[in-house]
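Being a predicted model, the structure only gives us computed values, none of them experimental. Proteins come first, then strands; the chains are lettered A, B, ... in the order of their sequence lines, and each starts at number 1.
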Amino acid sequence: MIDIQLLRKDPEGVARRLATRGEGALDAVLFQRYETARKELQTAVEQAQASRNRIAKDIGMAKGKGQDVAPLVEQGEKLKNLLERSDQKLAELQQEIQDFLRKVPNIPHESVPVGASSEENREERRWGTLRKFDFPVKDHVEVGEGLGGLDFATGAKIAGARFVTMRGPVARLHRALAQFMLDVHTREHGYTEVYVPYMVSGACADGVSSLAKFKGDLFKIEDRDLYLIPTAEYPVTNFVRDEIVELSNLPLKFVCHSPCFRSEAGSAGKDTRGMIRNHQFDKVEILQVVHPSKSYETLEELTGHAEAILQNLELPYRVMTLCTGDMGFSSAKTYDLEVWLPGQDAYREISSCSNFEAFQARRMQARYRGEKGKPELVHTLNGSGLAVGRTLVAILENYQNADGSLTVPNALRGYMDGIERIDRPT
RNA sequence: GGAGAGAUGGCAGAGUGGUCGAAUGCGGCAGACUCGAAAUCUGUUGUACCGCUUGCGGUACCGGGGGUUCGAAUCCCUCUCUCUCCGCCA
């Protein structure tokens, strides 16, 4: 949620900055109208409540002295009727304002390039050299199926389109990747590993993003207020929901390996081949809860942590700053890491690292006890470090050999009984 | 699944219809003592919103929602969660 004080102070300015996101901009006029009505109603209700409280107190005192309270009780009754109606109206209006505000996306940071689509994302840097292949390059589907390790038909039989099954050394490579990522982040980057529920309540989902807006992207458990998590960000960020964290405990740094479930509503026909865009995939997520003054330096650091995985795996990539129109709902600034996929002859997103500033913290009342002893909202950040499925894709494509075998990246051999190559089954 | 007990401020824990936003202890902050620290003593210390504005006033909040009442932390209904016992299960 954006800061309502800021919105009150400068509705036009906020609307202007939000408009750079492209989607239906903030209706500043509607907000002003809400505010005027709310103020008027609230003042009236609170005045009525004040008189009610005074009368109740007077009755108590009069009774204590043994005086007649009938006239006072009658006054109270009258007030009660009046209050009931206006109280309800106020509650409805406040709910409306809440709903309105919770659907407003975060304000982009000033360093974010203004643009309408991914075309206008800004490239920051590139790492690694693209391998030259002296044989026709296959995509990950061909390589994976050739190794007997990826099986989309069985995935489809079990659960439908956009599901995959893995077998043998490829399944193990997939597991090795997750282990490797967890180890690097816990050993070298100071994150604490956490294990979490793979379902969250509606309230938790609305804490990290807008449930009202993005319900369709999630899988919901029938007849329960539970959603399958689309990323570990959902459960892990909610660790600090309704908490006041001691200043000395900041920053909190968590790493979490989890499956992610996405309905991929609205992406019909997009990336239908292979395991680029599945309903279920694994991801290792890194997440930090920090002091507000530190969040932008933390964003650089956290992005570096995700990059370290790609560097260890010697996978070439580039870093993009998402433009205002391409950023997620809750983010103030996002870097995407895009890995080189020779099978697609393109860079593809493999990690997304965002600073949400106080946007999520405000939605879930996550605070720290500030320097002056007052609770203040924390800043939250997270990034994929990395999407495991897509990392496997990148390895299948970048490490493939002419004979259809796959070289195991150096960094993973310790997790694979030291084997250097996965061969085609004979 | 069955039976019972409980949920109060940062934490612990009193309070069973009327000056209760809530005793007390711990913790935090400020001060005194000290070369400094500890101990001790004194004071102070919830959050959100609204209105005039460096202060004051008002309102709401005792797990969530609803009800009874002139008045609810306190009574009633309901939901959620926690604990204990039994059953079942990895």
Peer 1: Please report the distance separating the P of B:rC86 from the corresponding atom of B:rC29, rounded so that it comes out in whole Å.
Peer 2: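 It comes out at 46 Å once rounded to the nearest Å.
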Peer 1: Could you state the CD-P distance from A:Glu77 to B:rG71, rounded to the nearest angstrom?
Peer 2: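 Atom CD in A:Glu77 sits about 8 Å away from atom P in B:rG71.
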Peer 1: Taking pairing as Watson-Crick or G-U wobble with both contacts under 3.5 Å, can you name the mate of B:rA39, or confirm there isn't one?
Peer 2: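 None - no nucleotide pairs with B:rA39, as no candidate has both distances under 3.5 Å.
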Peer 1: Counting only side-chain heavy atoms from C-beta out, which of B:rU47, B:rG71, B:rC49 sits nearest to A:Glu46?
Peer 2: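 Among the listed nucleotides, the one closest to the side chain of A:Glu46 is B:rC49.
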Peer 1: Check this one for me: any side-chain N or O of A:Lys57 less than 4.0 Å away from OP1 or OP2 of B:rG71?
Peer 2: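 No, because none of the side-chain N or O atoms of A:Lys57 sits under 4.0 Å from OP1 or OP2 of B:rG71.
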Peer 1: For the C1' atoms, the ones on B:rG43 and on B:rC33, what distance do you get once it is rounded to whole angstrom?
Peer 2: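 It comes out at 15 Å once rounded to the nearest Å.
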Peer 1: Does B:rG25 have a Watson-Crick or wobble mate here (both distances under 3.5 Å), and if so which one?
Peer 2: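 Matched B:rG25 with B:rC11 under the 3.5 Å cut-off.
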Peer 1: Categorize A:Lys39 for me: base, sugar-phosphate, or nothing, with a 4.0 angstrom heavy-atom threshold over every strand shown.
Peer 2: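 Sugar-phosphate contact only.
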Peer 1: Does A:Lys80 put a side-chain nitrogen or oxygen below 4.0 Å from OP1 or OP2 of B:rU69?
Peer 2: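 The answer is yes; a side-chain N or O of A:Lys80 sits under 4.0 Å from OP1 or OP2.
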Peer 1: Does a side-chain N or O of A:Arg54 approach OP1 or OP2 of B:rU59 to a distance below 4.0 Å, or not?
Peer 2: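 A:Arg54 to B:rU59 OP1/OP2: no side-chain N or O under 4.0 Å.
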Peer 1: Measuring from the side chain of A:Ile59 (C-beta onward, heavy atoms only), which nucleotide among B:rA48, B:rG18, B:rC49 has the closest atom?
Peer 2: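 For the A:Ile59 side chain, the nearest candidate turns out to be B:rG18.
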Peer 1: How many Å lie between CD on A:Gln94 and C1' on B:rU59, as a whole number?
Peer 2: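 The answer, rounded to whole Å, is 11 Å.
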Peer 1: Any strand is fair game: report the nucleotide pairing with B:rC70 by Watson-Crick or G-U wobble, both distances under 3.5 Å, or none.
Peer 2: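 Paired with B:rG18.
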Peer 1: Between A:Asp242 (CG) and B:rG10 (C1'), how many Å, whole number?
Peer 2: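 Atom CG in A:Asp242 sits about 14 Å away from atom C1' in B:rG10.
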Peer 1: With a 3.5 angstrom cut-off on both distances, give the Watson-Crick or G-U wobble partner of B:rC83, or none if there isn't one.
Peer 2: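 Answer to the pairing question: B:rG4, which forms a Watson-Crick or G-U pair with B:rC83.
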Peer 1: Output the single nucleotide from B:rA60, B:rC50, B:rU59 whose closest atom is nearest the side chain of A:Arg52.
Peer 2: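 My answer, after comparing the listed nucleotides, is B:rA60.
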Peer 1: Any side-chain N or O of A:Gln5 under 4.0 Å from OP1/OP2 of B:rC49?
Peer 2: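 Answer yes for this pair, as a side-chain N or O of A:Gln5 is under 4.0 Å from OP1 or OP2.
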Peer 1: Find the distance A:Asp87:CG to B:rG66:P and express it as a whole number of Å.
Peer 2: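 Nearest whole value for this atom pair: 10 Å.
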Peer 1: Using purine N1 to pyrimidine N3 plus N6-O4 or O6-N4 for Watson-Crick, or N1-O2 and O6-N3 for G-U wobble, each under 3.5 Å, what pairs with B:rU53?
Peer 2: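 Here B:rU53 is not engaged in any pair, so there is no nucleotide opposite it.
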Peer 1: Please name the pair of heavy atoms, one in A:Leu322 and one in A:Met327, separated by the smallest distance, quoted to 0.1 Å.
Peer 2: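 A:Leu322 and A:Met327 have their closest heavy atoms at CB-CG, 3.9 Å.
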Peer 1: Calculate the interatomic distance between A:Leu90 atom CG and B:rA48 atom P; express it in whole Å.
Peer 2: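 My rounded result for the distance is 19 Å.
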Peer 1: For the P atoms, the ones on B:rG57 and on B:rU53, what distance do you get once it is rounded to whole angstrom?
Peer 2: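 Between the two P atoms, the distance is 16 Å.
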Peer 1: Pairing check on B:rA60: which nucleotide meets the Watson-Crick or G-U wobble criteria with it, both distances under 3.5 Å?
Peer 2: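 Check on B:rA60: paired to B:rU47, both distances under 3.5 Å.
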Peer 1: I need the A:Ile97 CD1 to A:Glu35 CD distance, nearest 0.5 Å.
Peer 2: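 The CD1 atom of A:Ile97 sits 5.5 Å away from the CD atom of A:Glu35.
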Peer 1: Does A:Asn53 make a side-chain N or O approach to OP1 or OP2 of B:rG71 shorter than 4.0 Å?
Peer 2: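 The answer is no; no side-chain N or O of A:Asn53 sits under 4.0 Å from OP1 or OP2.
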Peer 1: Rounded to whole angstroms, how far apart are NZ on A:Lys78 and C1' on B:rG71?
Peer 2: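 Result: 18 Å.
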Peer 1: Using the C1' atoms only, state how far B:rC20 lies from B:rU8, rounded to an integer number of Å.
Peer 2: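 Their C1' atoms lie roughly 12 Å apart.
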Peer 1: Distance check, C1' atoms only: B:rG6 and B:rU16, in whole angstrom units.
Peer 2: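 Pairwise C1' distance, B:rG6 against B:rU16, rounds to 16 Å.
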Peer 1: Taking the C1' atom of each, how far is B:rG25 from B:rC77, in whole Å?
Peer 2: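 Those two atoms are separated by 36 Å.
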Peer 1: Let me know the distance between CD of A:Glu40 and P of B:rG51, rounded to the nearest Å.
Peer 2: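 Rounded to the whole Å, the gap is 12 Å.
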Peer 1: Look only at the side chain of A:Asp99 and the backbone of A:Arg102, and say whether a donor-acceptor pair between them is shorter than 3.5 Å.
Peer 2: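 Not at all, since once roles are kept as given, no pair shorter than 3.5 Å links the two residues.
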Peer 1: For A:Phe152 and A:Phe163, run ring-ring contact (aromatic ring centres under 6.0 Å, His included): C-alpha distance rounded to whole Å, both residues' side-chain angles, the deciding distance at 0.1 Å, then the answer.
Peer 2: CA-CA 7 Å; A:Phe152 295 94; A:Phe163 286 95; over 10 Å; no
Peer 1: Quantified in whole Å, what is the P atom distance between nucleotide B:rC62 and nucleotide B:rA23?
Peer 2: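 Those two atoms are separated by 16 Å.
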Peer 1: Can you tell me the distance, in whole Å, between the CD atom of A:Glu35 and the C1' atom of B:rC50?
Peer 2: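 Atom-to-atom, A:Glu35 to B:rC50, this comes out as 11 Å.
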Peer 1: In terms of ring plane angle, is the pair A:Tyr191 and A:His305 parallel, tilted or perpendicular, where the classes change at 30° and 60°?
Peer 2: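 Taking A:His305 first and then A:Tyr191, their aromatic rings stand perpendicular (interplane angle over 60°).
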Peer 1: Using the closest heavy atom to pick a nucleotide of RNA chain B for each, name whichever of A:Thr43 or A:Pro375 lands nearer the 5' end.
Peer 2: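 Taking each residue's closest nucleotide, the earlier one in sequence belongs to A:Pro375.
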Peer 1: Scan A:Tyr234, A:Tyr227, A:Phe329 and name whichever one has a ring pair (Phe, Tyr, Trp, His ring centres under 6.0 Å) with A:Phe214.
Peer 2: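 So, applying the ring pair (Phe, Tyr, Trp, His ring centres under 6.0 Å) to A:Phe214 and each of A:Tyr234, A:Tyr227, A:Phe329, only A:Phe329 qualifies.
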Peer 1: Can you tell me which residue among A:Thr380, A:Asn106, A:Asn238 is in a side-chain hydrogen bond (donor to acceptor under 3.5 Å, both in side chains) with A:Gln360?
Peer 2: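 The option that passes is A:Thr380.
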Peer 1: In whole Å, what separates the P atom of B:rA22 from that of B:rC81?
Peer 2: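 B:rA22 and B:rC81 have their P atoms separated by 33 Å.
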Peer 1: Specify the residue among A:Gly76 and A:Gln49 whose closest nucleotide of RNA chain B lies further upstream toward the 5′ end.
Peer 2: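 First, find each residue's nearest nucleotide; the 5'-ward one identifies A:Gln49.
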